[in-house]
Amino acid sequence: MASKKILKLLVYLLFAVLVLMPLFVIFMLAISKTWNYPSLWPKWVDWGYYFRFLITNAEMQASLLSSMELAVGTVVLTILIAYPTAMALSYYDFKGKKLLNILVYLPMIIPSIAVLTNMDFIMIKYGLNGSFFGVVSAHTLFCLPYAIKLLYDNLILWKDKYEVTSRNLGATPLQTFFKVTIPLNKNGLQGAVMMSYIVSMTQYLGTLLIGDGNYITLSVRMFPFTTEGKYRIAAVYGITFMLVTLIPLYLIDVWVTHKGRKLA
Amino acid sequence: MLTKRKLILLLSPFCLFMLFFFFSALAKSLITSFGYYPLMGMEKLSLHYYTDALNDKVFLRIFFRTFIFALFSAGMACFIGTVLAFLFKRNDNPFTKPFFKLAQLPVMLPHIFIVLALIQLLSQTGLVSSLLTKIGIIHSYNSFPLLLNDQWQIGIILTYLWKEVPFVIVSLVLVLRQMDNRYRIVADNLGATKWQTFWKVSLPLLMPAIVNAFIINFSFNFGSYEVPYLLGNQTKEMLPVYIYDLYVQGDYTQLPMIMSLNLILSVFSIAFAGLVLWLSKHLPGGHTGGI
Amino acid sequence: MYHLDNISQQKGNTHILHGINLTIDENSIFAILGPSGSGKTTLLNILAGIDRPTDGKFLNEDGQVEKGIMVFQDYRLFPHMTVFKNITFGLKVKKTNSSELKQRAKDIMETMGISELIDRYPDELSGGQQQRVALARALILNLKLLLMDEPFSSLDEALRIEMLDFVKELQRKFQLTIVFVTHYKTEAYMLSNKVAILIDGQIMQVDAPKQLESNPQNLAVARFLGQANFIEGSLSNNDFVSPVYSGKVRTVTEKGVLYLPFSGQLQLNKTEYPAFKGNILEKKWMGSNLERITIEIDQKTVYCDLASESVDENKTYQFYFSKLPVVF
Amino acid sequence: MYHLDNISQQKGNTHILHGINLTIDENSIFAILGPSGSGKTTLLNILAGIDRPTDGKFLNEDGQVEKGIMVFQDYRLFPHMTVFKNITFGLKVKKTNSSELKQRAKDIMETMGISELIDRYPDELSGGQQQRVALARALILNLKLLLMDEPFSSLDEALRIEMLDFVKELQRKFQLTIVFVTHYKTEAYMLSNKVAILIDGQIMQVDAPKQLESNPQNLAVARFLGQANFIEGSLSNNDFVSPVYSGKVRTVTEKGVLYLPFSGQLQLNKTEYPAFKGNILEKKWMGSNLERITIEIDQKTVYCDLASESVDENKTYQFYFSKLPVVF
Amino acid sequence: GCSNKSNDSKGSEMPTSYKTALKEAKGKTVTFYGYGGSDTQNRWVDDVVTPMMKEKGIKVKRVPMNIEDILKKLTNEKEANKKSGNIDVVWINGENFLTAKKLSLLSGNLDNSLIPNMKTYISGSDPDAKSDMGTKINNMEVPFGNAQLVMIGSKQMFNGDYPTSSDKLLSWAKENPGKLTYVAPPDFTGSAFVRNIIYETVGFDAINKAPATKAGVYKAIKPSLDYLNELKPYLWQEGKTYPKTSAQMDKMFADHQIAMTFSYNQMYAATQRADGKFTDDAHTFVFDKGTVGNYSYLAVPKTSDNKAAAAVLINTMLSKKAETQRLKAKYGSAIPPYSGSKVPASITNDLNGQAKENNTLTMDELSKKRVPEVSAKKIPIIEDLWKEHVLNAD
Ligand SMILES: Nc1ncnc2c1ncn2[C@@H]1O[C@H](COP(=O)(O)OP(=O)(O)OP(=O)(O)O)[C@@H](O)[C@H]1O
Ligand SMILES: Nc1ncnc2c1ncn2[C@@H]1O[C@H](COP(=O)(O)OP(=O)(O)OP(=O)(O)O)[C@@H](O)[C@H]1O
Ligand SMILES: [Mg+2]
Ligand SMILES: [Mg+2]
């Protein structure tokens, strides 16, 4: 028993190191200058650099804002579309369900160049390029597979058992949705929100192409630097990125776990 | 009550959205892939971009290599992720919770980051190599194996694993949490060993979620170019990079070909996803009647 | 008056209900009895508007569809809500004011004996407690049409009788129409004056309890009502021949099976219908001062419920029919 | 012989079981009866090794822990397996060879009447069908110790009797020890010769069925066995005074409550214990040729089960006790 | 979005003179689309150009977008028949200019009267002002950057004796196997290195005259490919793999894993040193026969809504004031795109001063060792041939 526990702890430890090591490296990159072979520690570390950069760089702040603006918009639109779809997929049996089940994956399967360049064309045609809705739609497209599938995984567990009950007791569809469906599936919803937020935050090409330069998000700024090997700046953006992703998601998590107890 | 009207209502946002934004874009790439690109004066429709691609040995080899790679790395991610998810599920020690939180971290970061970190860590002159040299396990960086840009795509696989294992963990734990251990108790009571319970009860109940995660990972690995672009090996090129390089060349007469390659890739992925879904329906756990 | 108009239901390839026609009086309790898997839940689901029948209609007097409140066979308590939240759910969604809501919840929980459970979650309740919460959740609403699917199956006898009384009182007070499904005859008889027998997706008989038991309309009903011996024999001109009994019978159908309920048909006191002489093999206490005795006649065995201590084991007695026996 | 040695159980702040001591004979059927929420499932879970008691031990003759196979109150069929897979699960994990496995599955499914459901999934079954699958899943194993938690609650009467017979036969054939929980007295009486009454987490009485009903050890047991009138009065020197009956009684405890079971205690035939004169208010058919009659005595009502047609409504009769009545 | 223009408004007309442009542009916002991976250049636009424009009452919005995406956007606009778009000034050159011109995405008229600074600093006879990698410019582009490939070697590893020709490079490689590599084409610098080897082995003329077909180019550069194959076994990892980006190669160089890296900026070693990435060991040099130099340009798309403001922006970027600032290390020490004869003395002095200070090449040295680019059409062909005959050669 004891050896098993120790083994488990070791696995945990290894896992933690594997997860944290890269994060640590990124952090060090962001605040260091010279870090060459074979030194294990950067020769020149400036702990304040990151914060000075964050505070003084107006661009960074603007990017932060547009990133979050888009992410929130995307989460809302994604959930609006994904929830009903996941419900249909998990509750109903209908012709073409199998096909739809596969089609849901499409946006993430088709290489983004093929989708986005042509989507840009469509957006230009409809006059949506550069608009908030246009960019959010582009993001949503790539969030949908994640959101639908995560919600589906969860919804299929109960099916519509409790919704039927709620409706039978006189609740309106909306009441049912908010009082029964959502609380029962909040794990799935949380997962879907989280993935949508993250996918939106990391969108690069879509934001750029369809945003017409109106939305210079963190990813948009960061991407060229990473491919170009400007590691320090990339790392600085990366840390910021991590913070704006982690903090809201952490808050959501706290809210979800504290509001009401865990299920069964 | 489940009525047709409600079904239509539920499905319409998705269908409208996809039709409006996605399928119209898809149709455009499809038309282009048939060689219709009036801007460059190409107006004849033909299938020859497809037949050319499918007869091109180089393309096919790259395609096959990419497929094997995507399959392998997605499979690995699902395997490791599932094992860890079960480890994280049981709340039997105080570390489980913080470690589960930790597992969510990588999901939130773009791939680019881990690429950055891996270069610093695992290149021949990276930190790991330095460390090993310092403690005397290897002589110099020359004896450190090439892990990035190597023939076996180890760098890319590591990146994908780093991102996808946590994704699998997160999406499985979300389901596992909901699924109490009622059924585990039953199996145990009926005399099943821990292993049998795992194989016959817990795993099948989780199978749909695993299959989902697998397809998502596979599609991503098969179709995205950023990571292979940065960490791949030129002699063992990956399909998305191959296509991307063509695109970057900026030669618009090649656009129909690029689109046809993209579509071949997509159709194949879709077919493969369909196959996996179909197979999963015939595996234990294909039917989960709810809990 | 509610009308079930030729209702059929099919799921997958299984035909579950076959053209059900029924009328249910308003302001009454209507019981549906039937063997396991006969389609009772399916039928209730249709009455509750949860499922749509593949064919047929369920309408109220005004020709409109009315949805009943359902007490589910598997309870379906909301797992994320406390007992209190579960019970008041239906009131809450109707925006009942909070003091009234609390009062009503308090009252019904007292009646159900679940007051101390108010803040528990469903998974912290025993089976019977869950069932009571499910009942309370539906009963608290006092809605016109109440549908109950085996609502007392997990309750002990004492509790069940209390619940039955309570439901009856509610019905009277609020003039509800109650349709309820059970597999306990006694329960049906005690609650309702009109019982429908549903077998294999078909309504076999609708009758008052006593009628039902004494005059089952066919063998299927008789078999289902159970607690009876079925003795095969041959039939010619109202004359029945079998190893156990041969003689005059009332013929309902021509299958040649003698229907001999365990109780109410055989007695020791002499009547004009002598049955058979039999040896008492075994006596088994059944509660309610009854004994189930096993009678051996010519190596065949027949069961019969008699008042406790009426016979002794290993003795032979002459039995009489209390009325002309029935053959199907 | 299995020994339950001072078993207590606590969950959260609730004390569920209070120092249970019991011995269960091997190769026998032991019934546990008790009101809803009294701790029956909790106790079985301990016997099955699913839960660990906070205190006490459950050991077999050799002083070892033995795990019983459980039939769960809420079925717990594996949702991802067909009926066949569910039923054969226990055999499969023991690597029983496939032809034997198939044969045994076939046999038991026939007995249970679920042969046509072989390829269905649990969510495509009715409540009673699910319960039968759950039963089959456990019974197929023929393991030494079998625990059943209200295993027949969703079955109709005819089916239940069949099942009872089948379980009895199995027990005999494989010399099983069966502990089963029910809230139906009759079921307990029919299956078992030894019944334990569990009330509020305490064993109140362990007795043979008939003993139990005629001599409940205390008011709690009497009330639980139900189907009785409890008439409050005052007691002095074995003399009981109440509006309904005043006279000689047998005193068990000193609370002053007269215990008057609906059946077996009151009769019309004269005995040496005259009871009271009463007016028949109502007769209600109860099945099994019994009627529950409501008797009015001085504006108090008393219920009594008599054979059908023994009395007429709105007439007055003299009633007699069949033996000296008991007061708690 | 923040620009409230209706989509069916017709793209603006290109003004005919700088004066009218200046007037028209007041209060407008001009977008500058260009590659965003160079923080020094970004900083220059943001810190120097934007304030200068602000003085003229014009706002600048810089959008970091890769040129292939910019082109795709422009073609999409064209396909959708939109007359007006959001892109005002584009940073472009070479193959992409060729494509843009072919698709007629760019507006012309960027002439001396519209861009006065062009008249002042760029001579009309300068070949780079007339054609961009062999594509006639026709007033569709204005020079913006002047880049030339330089090698950066490790003083210690080369022992001060830098391989200034392909032959020297090969023999050094044979003596020191595994210490050299180059970024795999189609990376920008990797591709330039391969072209430089072509000049070394067959000369500019041979490739310049070769027909722009695969067979033609192959015939012309066969010796170069042979050279690269001969070099291959002595490269890092025996040429079985190559760095993917110049960043990666820089890191290898910084770690002294390889002896040489390349850059398109003569001050690169210096800025890297200042940044702490390279040590003093890094030394800049060029091949004796010269290295590839090329220009990048600014252009205005036809769909631009603010052509006047675009013209003002271009003119501002070309101004002496802006270009002088650009010489600073923090702005990348970029050489102005001015014609050799027209460079103001102050700038030349500044550059030479910097060169001395930072131990790199002077303007003069550089321009002497500069070889022109091959035609844009041939570049993808060369890259393909490299892939086929060097990378995947068995
Ligand atoms: N997790 C829990 N926390 C607190 N109390 C609990 C919990 N689980 C069960 N109980 C309580 O323990 C008591 C016994 O429960 P148990 O399920 O054993 O009853 P039971 O005798 O099986 O009743 P029933 O006949 O209704 O199934 C009940 O009062 C129940 O409310
Ligand atoms: N989804 C389904 N697919 C196929 N058959 C089904 C499905 N659901 C139910 N059935 C069948 O329909 C029949 C009626 O089911 P129903 O639940 O109405 O029975 P019931 O009368 O309520 O029985 P019980 O008393 O056992 O609850 C059963 O034989 C059942 O197997
Ligand atoms: Mg049912
Ligand atoms: Mg229980």
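Keep in mind that what you see is a predicted model, and the values were worked out from it rather than measured. Chain naming here is simple, since letters A, B, ... match the order of the sequence lines and numbering starts at 1 in each.
Heavy atoms of Val11(A) lying under 4.5 Å from chain B belong exclusively to its side chain. Proximity to chain A is absent for every atom of Phe222(B), based on heavy atoms less than 4.5 angstrom apart. For a residue to count as touching a neighbouring chain, one of its non-hydrogen atoms must lie under 4.5 Å from one of that chain's; by this rule Leu118(B) does not touch chain A. Leu99(A) does not touch chain B: none of its heavy atoms, backbone or side chain, sits under 4.5 Å away. Of the atoms belonging to Met194(A), it is side-chain heavy atoms, and not backbone ones, that fall under 4.5 Å from chain B. For a residue to count as touching a neighbouring chain, one of its non-hydrogen atoms must lie under 4.5 Å from one of that chain's; by this rule Leu144(A) touches chain B with the side chain only.
Counting heavy-atom pairs closer than 4.5 Å to chain A, the top residue among Pro166(B), Gly223(B), Ser29(B), Pro13(B) is Ser29(B).
Using a cut-off of 4.0 Å between Lys/Arg side-chain N and Asp/Glu carboxylate O, Lys149(A) and Asp153(A) are scored as not salt-bridged.
A side-chain donor from one of Thr181(A) and Glu163(A) sits under 3.5 Å from a side-chain acceptor of the other.
Between the OH atom of Tyr242(B) and the CD1 atom of Ile258(B) there is a distance of 10.0 Å, given to the nearest 0.5 Å.
Between Thr117(A) and Tyr247(B), some side-chain heavy-atom pair lies under the 4.5 Å cut-off.
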(message) With side-chain contact (heavy atoms from CB on, under 4.5 Å) as the criterion, how do Phe94(A) and Leu11(B) come out once you've worked through the C-alpha distance, each side chain's angles and the decisive distance to 0.1 Å?
(response) CA-CA 11 Å; Phe94(A) 52 91; Leu11(B) 283 177; 3.8 Å; yes
